*Asks:* 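Handing you a structure now.
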Amino acid sequence: MSKPVAIVTGAGSGIGESVATHLYSQGYKVIIADLNLTSGQTVASHLGPDALFIQTDVSSYASQARLFKRAYEWGGNRLDFCHANAGIDDRQNIFEPAEKEELDEEGLLKKLNTKTMEVNLEAVIQGLWLFKYYVRRSREGGGGKGWFVATSSAAGLYHMSQCPQYTASKYGVIGLCRASGPVFVKEGITVNAICPAFIPTNLCPPEVARCWPKEHITPLSTVNKAIDKFLADDTLTGQAVELSQENIYFRKQHDWPNESQKWIGLESDKIWDEGYKEPPKREGY
Ligand SMILES: NC(=O)c1ccc[n+]([C@@H]2O[C@H](COP(=O)([O-])OP(=O)(O)OC[C@H]3O[C@@H](n4cnc5c(N)ncnc54)[C@H](O)[C@@H]3O)[C@@H](O)[C@H]2O)c1
């Protein structure tokens, strides 16, 4: 029986490194996918022969598609688990002061740098798209289970005014998992989001890490606790799991405010299904 195979993006550091190490210790072959060559190679070589570093920029579809193909082939035509975890904070401040605003040659305000959305949300959507494809192929060969975990954040449940794009991307990740998880589980793929509170990693500015009170730190072990929950229960899907200190909390979506919204939430599916049998044709786009 071949070993199960996992891709972890952003595994060169922090949460991804911790999950990759945990899966490795559970007998997985692990692909360390990271933009950072040095840290990615270091993590893979510390783990051992069943770890492979593949330098990847998740914000490039071509790069991620190559990652999945190579991982699947290296794993023996098998892929079981993907943690879409790579993430960055805001690269340009939407509140930028007037003196920093720049115009192009046409006199138009230059586009806001939205790399955060590409890495934190677009790449997760494309990752799920690629994962589904390779899990289906894995099954043709008799292997391949389907666990997809995406890293959202507590900022995806509340908000972080210092990083509005980060907040928006993390809300998006939860929406993606809640909407797709209950459907994908019908073909044996679970899709869940983790929403960590503060974990001191390379993501956070050093001055924040220095000042942060110890009692409000969440340890990396709590992330692995959530991963173990998902692995232990093939029916757990569409969940947003908040991680705070040593605890994990399954967070429900908002309550419906009235009966009409409840009807739409619980009973309108058949009508929507009819409307979306094929993507609706629209004029002009
Ligand atoms: N640390 C926290 O407190 C915290 C809380 C909530 C959510 N998160 C989320 O956890 C995830 C992991 O962050 P972390 O805290 O471990 O940070 P980290 O900076 O330690 O690790 C992130 C890794 O992602 C890699 N990366 C960045 N852009 C990439 C790209 N385009 N392609 C591939 N790899 C790329 C980096 O090189 C790095 O190794 C992120 O999605 C982050 O938003 C972190």
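As the structure lists them, so they are numbered: ligands from 1, and atoms in each ligand from 1. Note that the structure is predicted; figures quoted are calculated from it, not measured.
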*Asks:* Just by distance, with hydrogens left out, do D34 and S39 show a side-chain donor and acceptor under 3.5 Å apart?
*Replies:* no
*Asks:* So, N85 and T9: side-chain donor and acceptor under 3.5 Å apart, yes or no?
*Replies:* no
*Asks:* Name every donor-acceptor pair, under 3.5 Å, that has one atom in a side chain of residues 186-195 and the other anywhere in the protein, sequence neighbours excluded.
*Replies:*
| from | atom 1 | to | atom 2 | distance (Å) |
| --- | --- | --- | --- | --- |
| E187 | OE1 | R136 | NE | 3.0 |
| E187 | OE2 | R136 | NH2 | 2.7 |
| N192 | OD1 | G238 | N | 3.2 |
| N192 | OD1 | Q239 | N | 2.9 |
| N192 | ND2 | L236 | O | 2.8 |

*Asks:* Tell me, which residues have any heavy atom less than 4.0 Å from some atom of ligand 1?
*Replies:* G10, G12, S13, G14, I15, D34, L35, N36, T56, D57, V58, N85, A86, G87, I88, V119, T151, S152, S153, Y166, K170, P196, A197, F198, I199, T201, N202, L203
*Asks:* Do the side chains of Q41 and L37 get nearer than 4.5 Å, heavy atoms only?
*Replies:*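 Side chain of L37 against side chain of Q41, heavy atoms only: contact under 4.5 Å found.
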*Asks:* Got a sec, which pairs hit salt bridge (Lys or Arg N to Asp or Glu O under 4.0 Å) with one end in residues 61-74, sequence neighbours left out?
*Replies:*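 As it turns out, the salt bridge (Lys or Arg N to Asp or Glu O under 4.0 Å) pairs with a partner in residues 61-74, which skip direct neighbours, are K69-E73.
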*Asks:* For T116, check side chain to side chain donor-acceptor pair (under 3.5 Å) against everything at least two apart and list the hits.
*Replies:*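 Counting only residues at least two positions away or on another chain, T116 forms no side chain to side chain donor-acceptor pair (under 3.5 Å).
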